[in-house]
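The block underneath contains the structure these notes are about, expressed in structure tokens.
Everything numeric here is computed off the predicted structure, so don't read it as measured data. The figures here come from the full heavy-atom set of this structure, side chains too, leaving out hydrogens, waters and symmetry mates.
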Amino acid sequence: MVPTTRAALLTAAGVLPVLLWPRPLTLWLWVALVVLACVVDTVLAASPKRVEVVRTVPASVRLGEPTVSTLTLTNPWG
């Protein structure tokens with residue numbers, strides 16, 4: 001799992017409630033909310049094992065000639 005920008009922004013957004021209501025309970029509730037949101041995000045994320053990878057390349061290419069290949073990633077479960 002890699003922390004995302006969304007998790008960092010959600011955590012940073014907690015500064016405002018903690019400054020408005022400076023109580024330990026406010027901090028712990030915000031931390032619990034961030035952890036819960038990260039767990040839900042992780043559970044709903046596609047498993048890398050299920051992602052299908054298909055690479056399409058031309059049949060033949062001459063040396064020094066430019067070519068294009070296509071890499072397609074598909075999540076069949078989402």
Side-chain angles (χ1 to χ4, degrees):
M1 181 180 102
V2 177
T4 62
T5 305
R6 289 181 303 221
L9 292 175
L10 181 61
T11 304
V15 170
L16 186 61
V18 170
L19 289 176
L20 292 175
W21 299 283
R23 307 241 190 293
L25 181 61
T26 307
L27 175 66
W28 289 112
L29 286 175
W30 191 259
V31 168
L33 178 69
V34 170
V35 168
L36 178 65
C38 289
V39 168
V40 168
D41 189 38
T42 301
V43 169
L44 295 177
S47 170
K49 294 178 184 177
R50 293 184 177 172
V51 174
E52 295 175 358
V53 180
V54 176
R55 182 174 175 222
T56 308
V57 294
S60 64
V61 179
R62 293 178 182 253
L63 182 62
E65 189 176 289
T67 187
V68 176
S69 67
T70 306
L71 183 66
T72 305
L73 303 172
T74 307
N75 176 10
W77 302 98

Check your understanding: Quick check: does any side chain N or O of T26 sit under 3.5 Å from a backbone N or O of P22, one acting as donor and the other as acceptor?
Key -> no
Kindly give the heavy-atom pair with the smallest separation between [X] and [Y], and that separation in Å.
{"X": "P76", "Y": "E52", "answer": "CG-OE2, 3.7 Å"}
{"X": "V68", "Y": "P58", "answer": "O-CD, 3.4 Å"}
{"X": "V61", "Y": "T67", "answer": "CG2-OG1, 3.7 Å"}

Study note, to complete from the structure: In this structure, CG of L10 is separated from CG of L33 (nearest 0.5 Å) by 6.0 Å
Exercise for review: For V40 and T42, run side-chain contact (heavy atoms from CB on, under 4.5 Å): C-alpha distance rounded to whole Å, both residues' side-chain angles, the deciding distance at 0.1 Å, then the answer.
Suggested key: CA-CA 5 Å; V40 168; T42 301; over 6 Å; no
Common cluster, [X]/[Y], ILVMFWY with side-chain heavy-atom separation under 4.5 Å:
{"X": "L25", "Y": "L20", "value": "no"}
{"X": "L16", "Y": "W21", "value": "yes"}
{"X": "V39", "Y": "V31", "value": "yes"}

Check your understanding: Is any side-chain heavy atom of V51 closer than 4.5 Å to a side-chain heavy atom of T74?
Key -> no
Review point. Name the one of D41, V34, L36 that satisfies side chain to side chain contact (heavy atoms under 4.5 Å, CB included) with C38?
Key: V34
